[in-house]
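Just below is one structure, and these are the notes that go with it.
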Amino acid sequence: MESLNGFKRSDFCGLVKSSHIGKTLSVCGWVQRRRDLGQLLFIDLRDRTGILQLAFDDATARDVFEKALSVRSEYVLAVTGVLRERSSKNKDLPTGDVELEVSSLRILAVSETPPFEITENSDVNDTLRLKYRYLDLRRPDMQRAIALRHKVVKIARDYFDENGFYEIETPILTKSTPEGARDYLVPSRVHPGKFYALPQSPQQYKQLLMLSGFDRYFQIARCFRDEDLRADRQPEFTQIDLEMSFVDTDDVIAVNEGFLKKVFKDVLGVEIKTPLLRLPYSEAMARFGSDKPDLRFGLELCDISDLVKNCGFKVFKDPVEQGGSVRCIVVPGGADAFPRKQIDALVEFVKTYGAKGLAWTRLGKDGTSSSFAKFLTDDENNSIIARSGAKTGDLILVVADSRDKTVFAALGALRCECAKRLSLLNKGDYRLLWVTEFPMFDYSEEEGRYVAMHHPFTAPLDADIGKIESDKKSCRAKAYDIILNGTELGGGSIRISTPDMQETMFRALGLTHEDTHARFGHLLEAFKYGAPPHGGLAFGLDRLVMLLTGAESVRDVIAFPKVQNASELMTSAPDVVDKKQLDELFLEHKQKSED
RNA sequence: GGCCCAGUAGUUCAGUUGGUUAGAACGCCAGCCUGUCACGCUGGAGGUCGACGGUUCGAGCCCGUUCUGGGUCGCCA
């Protein structure tokens with residue numbers, strides 16, 4: 001192996017231009033491919049910018065040529081030579097007009113044959129990719145994703161700086177709070193038996209920074225939640241987190257629309273029209289069955305409860321009587337697009353969302369078939385078709401349930417599934433919107449009480465202040481989510497900024513005075529000293545980058561992600577630790593408490 | 001915690017009704033080759049069919065359990 005020994009890189013491989021022809025260049029990188037023609041040898045050298053062809057000629061530089069013969073895939077080279085025009089050009093390569101005639105070759109590192117080829121969009125299974133993540137990251141598409149992620153972070157820093165935000169770090173070792181996700185806990189050595197929690201978000205700290213008078217804060221914040229993973233959910237993730245003083249909903253929305261506009265322009269060259277659409281939560285649910293609607297296609301929900309509330313079909317009639325609803329979507333052309341077998345699959349699909357079944361009517365060109373028409377009168381059937389706007393060739397899909405929540409969940413998911421099956425989702429189509437006026441409270445079946453839908457520091461709508469304790473069900477919050485193509489990109493709220501209101505909120509959540517003060521005493525105490533009205537928002541950086549790159553999982557835009565069981569395949573974290581480490585944390589505590 | 005999908009050579013996959021010695025492509029190794037660029041040609045090496053158990057005269061294939069990875073429901077203020 002050789003050292004650099006005075007070698008200085010003059011250029012990156014992928015950035016070499018035809019205008020450099022005749023100049024002596026020095027480049028370094030990894031061997032992508034070797035083509036041995038006998039007395040002529042080509043090596044494609046790769047760095048993060050791209051590929052440059054190196055040429056070795058036995059006749060003109062025998063020593064270098066013979067050295068080059070030993071080179072294999074992924075060896076690390078530093079070479080110097082004169083750039084020359086190729087006799088035959090490669091149109092597929094940005095540097096395809098030129099090649100480097102190598103006069104000096106240093107082999108800086110050898111490499112074993114990698115367990116998979118380092119190529120664009122390689123189709124290797126995730127286990128292997130993640131075990132050798134450092135090799136996976138060499139692939140050009142991964143390099144681009146990570147570079148794009150850097151660019152988004154850079155835009156965030158520049159944009160929020162230009163708009164008067166300070167970047168301020170908040171602690172990683174912090175205090176566990178109830179409400180919300182499971183915390184990751186870190187045992188304290190100095191305080192045996194006590195634990196830090198890793199932050200689920202910097203929520204309380206950023207609010208306190210507003211109280212401290214910093215006016216505008218942002219942070220590229222690592223957050224931790226000990227919950228099960230999904231394609232768009234990692235236990236450890238990054239937020240672009242921000243908070244502003246003396247603002248209401250419109251102010252927070254405006255500054256963040258500016259940020260999104262800039263990101264889309266600078267990263268994708270896409271012009272986003274602002275102000276963005278805003279949908280109240282209730283309308284989003286009624287029209288799309290979701291608080292994160294995908295607006296790239298229609299298939300809107302239609303409420304037919306009133307048309308079937310007196311019908312003879314118990315499956316429709318009973319849910320309406322029990323306070324639920326009957327709703328449908330119309331799939332244009334669905335009568336032909338979805339044969340019986342596919343409809344059966346859709347029936348199974350909605351069951352995973354708790355629906356008991358899926359009723360349907362196919363308005364085929366050669367006649368109508370239906371799973372429920374025979375139970376209704378002609379008038380009832382016709383009124384459903386009229387209300388839904390279904391035409392010949394369409395398919396009507398109906399979900400009935402005694403709980404609206406289930407109807408929305410099933411139909412909301414079903415409309416996305418149908419869109420996917422009909423290929424209605426166009427790449428390059430970016431539909432952003434705000435969902436606003438979320439309910440303040442959500443009833444938790446598990447806990448048998450109302451919990452904060454957003455978090456307990458969220459302020460109610462001015463019009464609903466009186467409902468916090470008296471009418472939880474219809475009390476709305478100054479909370480807003482930013483949605484892109486059916487994915488929640490971020491969310492935030494205007495916060496409660498007076499101790500009275502905060503105490504009222506905790507009381508409404510059924511927390512005792514003792515609980516409240518043990519867990520949030522610092523916040524309540526702080527609010528006594530003059531908090532400005534404030535609010536903010538946090539973007540999921542991973543999700544934003546995922547959508548910008550077109551990746552299907554946040555794993556593809558995180559350098560070292562975790563797998564579904566929250567372990568990391570490369571390092572095998574989490575892992576057992578030495579007994580000595582454990583004893584320091586727990587044994588001494590145990591002995592003390594036994595004394 | 002539930003449901004669904006996948007696991008065969010280094011990689012991506014094929015493998016018929018359960019039947020002789022498990023195949024292909026790429027990669028790897030060797031030889032030949034002066035204009036390749038997914039170089040080409042010739043030859044070669046390479047397999048605990050994820051693991052364990054069962055059914056069977058016989059299992060990559062059928063059954064059970066389990067492990068690993070993925071998707072998803074619950075969960076994720």
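Letters A, B, ... mirror the listed sequences (proteins, then strands); counts begin at 1. Everything numeric in this text was worked out from a predicted model, so none of it was measured.
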Any base atoms under 4.0 Å from [X], or only sugar-phosphate, or nothing? Heavy atoms, all strands.
X	value
A:F457	nothing
A:P115	sugar-phosphate
A:A59	base
A:R84	base
A:T127	sugar-phosphate
A:D123	sugar-phosphate
A:V451	nothing

Polar pair under 3.5 Å, donor/acceptor by atom type, side chain [X], base [N]:
X	N	answer
A:S73	B:rC28	no
A:E99	B:rG35	yes
A:D228	B:rG74	yes
A:R33	B:rG27	no

Exercise for the section: Would you please confirm or rule out a distance under 4.0 Å between OP1 or OP2 of B:rG69 and any side-chain N or O of A:N565? Expected result: yes

Practice task
May I ask you to check whether A:S201 and A:Q239 show a side-chain donor-acceptor distance below 3.5 Å?
Solution key: no

Exercise for the section: Examine the side chains of A:S88 and A:R86 and answer whether a donor and an acceptor come within less than 3.5 Å of each other. Expected result: no

How far, in whole Å, is [M] from [N] if one measures between their [atom1] atoms?
N	M	atom1	answer
B:rU66	B:rC3	P	11 Å
B:rC28	B:rA38	P	15 Å
B:rG53	B:rA59	P	13 Å
B:rG7	B:rG40	C1'	36 Å

Handout entry: RNA chain B contacts made by residues 411-419 of chain A, counting heavy atoms under 4.0 Å
Key =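 When residues 411-419 of chain A is checked for heavy atoms under 4.0 Å from RNA chain B, there are no hits whatsoever.
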
Problem - For atom CG of A:L41 and atom C1' of B:rC32, their distance in whole Å - result: 15 Å

Exercise for the section: Measure from CZ on A:R139 to P on B:rU12 and round the result to the nearest Å. Expected result: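 Computing the A:R139:CZ to B:rU12:P distance gives 12 Å.
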
Handout entry: A:R233 side-chain proximity, nearest of B:rG74, B:rU12, B:rC39
Key =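 Side chain of A:R233 sits closest to B:rG74.
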
Practice task
Please confirm whether the backbone N or O of A:D464 pairs with a side-chain atom of A:R476, one donor and one acceptor, at under 3.5 Å?
Solution key: no

Handout entry: Pair A:R35 + A:D44: basic N to acidic O under 4.0 Å
Key = yes

